[in-house]
Amino acid sequence: MTKIDDHIQSFDNHQRDKRIKKYLNLFLALVISSSLYIAYIIRYTNASNKITQYSSGISYETYHYGLLKCEEIKRIKPDNNQIQDRRRNPRFVPGTKDILFKNARILDGIGHDFLGDILLKNGIISEITNIDENDIKKNDINVTDDTVMIDLKKKFVTPGLIDMHSHAGLLSWPFLRATNDINEETDPLTPFVRVKDALNPSDPAIRIISSGGVTTSLIIPGSGNLMGGEGHVIKMRNVSTLSVVDMGINYGIDPSEEKEWRWLKMACGENPKKVYALQDRIPTTRLGEGWLFRKKFQEARDHFKRQNDWCDSASKLSSNNNVQLDSPFPEDLQYDSLMALFRGDARLNIHCYETNDLEAIINHSLEFNFTITALHHALDAYRIPDIIKRANSQITIATFSDNWGYKKEAFQASTRSPKILADAGIPVALKSDHPVINAQHLAFEAAKAHHYGLDEKLSIASITSVPAKALGLNHRIGQISIGYDADLVVWDSHPLSLGATPLEVYIDGIPQFGTPNSVLSGKSKCSKGSSAQNEPVKEKGNERTASSVVINNIGKIFVDKDTILEPNNNSSVKDENISMIIKDGLVECIGNCAISNHNSSEMIDLNGGYVLPGIVAIGASLGLIEIDLEPSTTDGFVPIINHPDSVDQVMKAIDGLKFGGKHLDVAYKAGVLSSITSPLSFGLIKGISVAFKTGSHTVLDEESIIESETALHVQIGTLFKNAYIPSVSSQIGLLRRTLLKAVFKPTKRNIYSKVANGLVPLAAHTDSKDEIASLIRLKQLVKRHGGDLRLVIIGGAEAHLIADQISKNNVSVVLSPSRPVPSLWTAKNVLTGSPITNTTGIEILVKHKVKVAIGVDNSAWTRNLVWDAGWAVTNSKGLLDEKDAVALISWNLEEIFNLNRKKLNNQGLNKGNIANFVAYDGNPFDLHTKVKLVAGGGRKDILIDPIQD
Ligand SMILES: *[C@@H]1O[C@H](CO)[C@@H](O)[C@H](O)[C@H]1NC(C)=O
Ligand SMILES: *[C@@H]1O[C@H](CO)[C@@H](O)[C@H](O)[C@H]1NC(C)=O
Ligand SMILES: *[C@@H]1O[C@H](CO)[C@@H](O)[C@H](O)[C@H]1NC(C)=O
Ligand SMILES: *[C@@H]1O[C@H](CO)[C@@H](O)[C@H](O)[C@H]1NC(C)=O
Ligand SMILES: *[C@@H]1O[C@H](CO)[C@@H](O)[C@H](O)[C@H]1NC(C)=O
């Protein structure tokens with residue numbers, strides 16, 4: 001230090017203080033290890049005499065500042081793969097008790113599955129024993145007296161899950177303009193912005209996400225920009241300081257021992273060009289995207305070279321007196337993150353979907369010599385494994401399991417893509433893109449990938465060790481191994497089973513939800529049929545049709561709300577067989593059929609599988625939208641109605657239906673045989689919905705339309721305000737005037753009169769308990785004036801808060817989505833389930849005897865309706881049973897919307913009916929089950945072994 005003091009003596013005291021501060025700051029920022037500090041002193045001491053002699057252009061300090069920078073650049077960073085024998089997690093909170101788990105069924109994230117004991121100590125997994133059940137002399141772990149001992153009784157334990165694509169804290173719940181900090185959309189190239197500067201540590205989503213077992217997330221900017229900025233990896237637990245830095249995974253690490261990674265986010269394809277087309281500036285096409293990427297990478301490359309050249313010259317200067325430097329070390333904050341990328345200190349995550357986008361960005365990486373760590377979303381990656389392997393290092397594909405169709409670049413997706421990529425040797429991570437998918441249910445993403453063919457071990461790895469590796473953190477998270485961070489999840493069932501829910505989540509050894517040990521040591525949830533070892537569903541690839549079939553060995557037939565047929569186990573008749581005969585689209589026999597004389601028909605052995613009535617989808621705009629963001633593929637938006645007299649402008653969805661699309665096909669193949677679809681609208685009066693068969697050919701088919709005036713849909717809330725109806729109060733007011741007018745002056749064919757007199761239901765889309773209450777009040781008012789509203793709430797996230805009133809007033813609720821999230825201000829009070837809440841909205845509604853059904857708001861997920869229903873049941877602690885699950889997605893909707901009013905009662909599962917059902921090769925509420933055949937849905941032919949794209 002004496003040299004520094006000597007040199008600055010000529011300055012006045014004030015200046016000197018400033019100088020010292022500057023140097024101290026410099027130390028803090030750069031002299032991050034003691035060895036580097038010593039190197040600095042030595043170099044400084046040796047070089048100083050020469051400098052004062054030769055460096056004419058730049059100041060003495062500037063020169064040495066540059067040398068420090070060069071030092072830092074050249075410093076060999078630790079290789080995290082070499083780190084062994086970690087004894088302590090820097091995030092350890094003193095006072096955290098040691099925990100010993102006994103008898104844990106350990107899925108360790110790297111492919112092992114064994115029974116063992118685990119000791120958590122100092123924030124790490126400090127010991128693991130593998131219990132051989134037959135071994136009598138158990139290898140006990142030695143613990144201190146105040147260690148918490150928990151006998152898990154073979155409950156499943158996994159590493160804390162890792163989500164490598166999340167926007168939690170950048171788009172906090174509930175969404176507000178004030179907390180939208182996701183895209184700096186003022187320039188397509190903002191590699192320099194940092195999540196660290198924007199993240200809201202108080203986003204309620206963080207706790208909700210951790211309740212699903214996610215313990216670490218890469219939080220990245222959105223995809224509005226080509227170069228979106230720098231991400232931040234956080235542990236999903238709040239810290240007492242509320243510091244974003246303290247939440248970071250790098251908190252407390254020693255960079256001389258552990259590499260301090262940075263993470264970058266970039267994006268290509270539709271999003272950036274859409275954002276900048278609106279601003280009428282480059283890029284408006286992929287042409288412009290490619291150019292901007294290359295231009296910026298070249299600029300950064302030049303900067304990189306200038307830095308290296310400077311350091312070269314500077315190092316020559318210290319040994320060769322003829323060289324002289326007249327410019328400072330080239331430093332420019334705007335290139336800092338790209339320098340980190342070129343120097344191998346930052347890991348690049350790029351959002352791209354289409355094959356050509358993926359190829360272009362890989363090409364840029366070869367041209368400018370940087371490494372891509374992961375391609376995100378990349379729904380087309382499965383089609384180009386060869387191109388992906390052209391990269392200069394192994395790329396991880398961080399993708400969705402079954403989200404698709406929302407835009408063109410997501411339209412060619414395949415549910416088999418994780419498996420195809422894995423088979424090609426490409427690492428696959430599954431991620432949430434929270435809040436696109438509620439990251440609380442990240443495990444479900446892996447479970448669905450497993451359903452569609454990804455191996456069980458790889459499915460677990462896709463949310464643990466694979467993302468850990470892609471983040472450069474596989475030395476401390478993503479697996480249950482000694483020395484790893486004490487981030488664990490204790491599950492109520494196998495994590496890949498339907499509705500699997502954490503009982504407790506440990507982050508840095510700290511239990512997050514205060515689950516009593518008695519619960520952890522208590523009985524496991526009996527998850528029906530969801531065994532762990534099952535093979536993933538195999539695509540047999542022989543999808544075919546038949547006009548007649550005989551179905552044999554049926555486990556259960558859910559005929560209607562009063563009838564379930566199943567083999568009578570008590571009966572003295574051995575091997576009683578439940579079967580069905582379907583001939584030319586009609587149910588010829590059901591129950592105990594004489595099947596021998598039907599040799600001509602294909603015989604389907606269901607092996608105990610279930611038969612359900614055709615599933616009904618509501619909420620997904622099936623038949624009106626093919627690709628959400630492509631107007632030519634949608635019906636478009638109906639005129640906005642602002643006046644009670646504008647009844648002529650109430651549009652009917654039936655007039656816009658288009659059949660044969662991919663969404664309808666996907667739904668049909670999943671046994672979703674009817675849809676209730678309402679017109680698309682930004683206004684209060686959405687229009688008149690149609691109920692139709694998803695497999696139909698045109699509206700002219702005899703069987704295609706179930707009910708052309710199913711309900712009048714209205715939508716309440718901020719999204720539907722406009723200059724004429726600028727408030728929720730004006731929305732309710734307009735509805736009141738409209739309905740009262742219809743009561744006082746009824747006109748037979750007027751839709752408002754039909755609604756006001758209960759002939760057609762009023763389906764109101766809202767989540768808010770207060771808006772629901774206002775609608776109930778309106779219903780009461782109409783009744784007092786002699787009318788009668790059949791009120792149905794669609795959405796209903798907060799409906800449980802007034803379940804008693806909903807019940808008393810005979811209002812039905814279509815919960816849509818079935819696992820709501822507090823994403824809107826008007827849906828703040830949802831119950832997100834265990835381990836945060838001990839009940840859910842649907843359970844409260846059912847307890848109050850409200851007529852409930854389940855809707856689906858994302859058309860990608862109509863095929864998941866049976867799982868949504870099964871999820872509600874498996875987590876209801878016995879409140880709901882299998883029959884209730886079927887009701888939620890079939891006959892409850894038929895009752896709520898009175899779909900049998902046309903006496904189309906000849907559809908279904910009774911003898912003589914037009915067949916309209918789905919048969920599974922097992923219990924449909926088990927994720928290992930597959931649709932075996934689909935009958936009806938507007939088609940005469942029966943589809944056997946359908947393949948989900
Ligand atoms: C357990 O710890 C005690 C005290 O440190 C020691 O005496 C004993 O040998 C240990 N037992 C085992 C099995 O390591
Ligand atoms: C973290 O959040 C939970 C729930 O909001 C709260 O109970 C707890 O006190 C918080 N912990 C810290 C350290 O702030
Ligand atoms: C991709 O990049 C490589 C390496 O720079 C180059 O040789 C090749 O021509 C490029 N291909 C395309 C299609 O741009
Ligand atoms: C590309 O980058 C790697 C790693 O940083 C380096 O070893 C290699 O020499 C570079 N290649 C070229 C052509 O610059
Ligand atoms: C569920 O939680 C609420 C509020 O914490 C509590 O009042 C209620 O007793 C709990 N119910 C059960 C069944 O544990």
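Hydrogens, waters and symmetry mates play no part in the numbers below; they use all other heavy atoms, side chains included. Counting convention: from 1, in listed order, for ligands and their atoms alike. Bear in mind that the values here come from a model prediction, so they are computed numbers and not experimental data.
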When you measure from the centre of the six-membered ring of Phe368, is the NZ or CZ of Arg294 closer than 6.0 Å and no more than 45° off the axis?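 No - Arg294 does not lie over the ring of Phe368 by the 6.0 Å and 45° rule.
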Please determine if Lys259 forms a cation-pi arrangement with Trp261, meaning its NZ or CZ atom is less than 6.0 Å from the six-membered ring centre and no more than 45° off the ring axis.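 Yes - Lys259 lies over the ring of Trp261, closer than 6.0 Å to its centre and within 45° of its axis.
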Check for me whether the distance between the ring centres of His377 and His165 falls short of 6.0 Å.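 For His377 and His165, the ring centres are under 6.0 Å apart.
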Leu442 and its side chain to side chain contact (heavy atoms under 4.5 Å, CB included) partner, picked from Ile437, Val214, Ile162: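 Only one of Ile437, Val214, Ile162 forms a side chain to side chain contact (heavy atoms under 4.5 Å, CB included) with Leu442, namely Val214.
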Could you check whether the rings of Tyr63 and Trp310 sit parallel, tilted or perpendicular, using 30° and 60° as the cut-offs?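 Correct class here is tilted.
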For Ile128 and Ile480, which heavy atoms make the closest approach, and how far apart are they?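 Closest pair (atom of Ile128, atom of Ile480, distance): CD1-O, 3.7 Å.
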Under a 4.0 Å heavy-atom cut-off, what residues line ligand 4?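 The 4.0 Å shell around ligand 4 contains Asn369.
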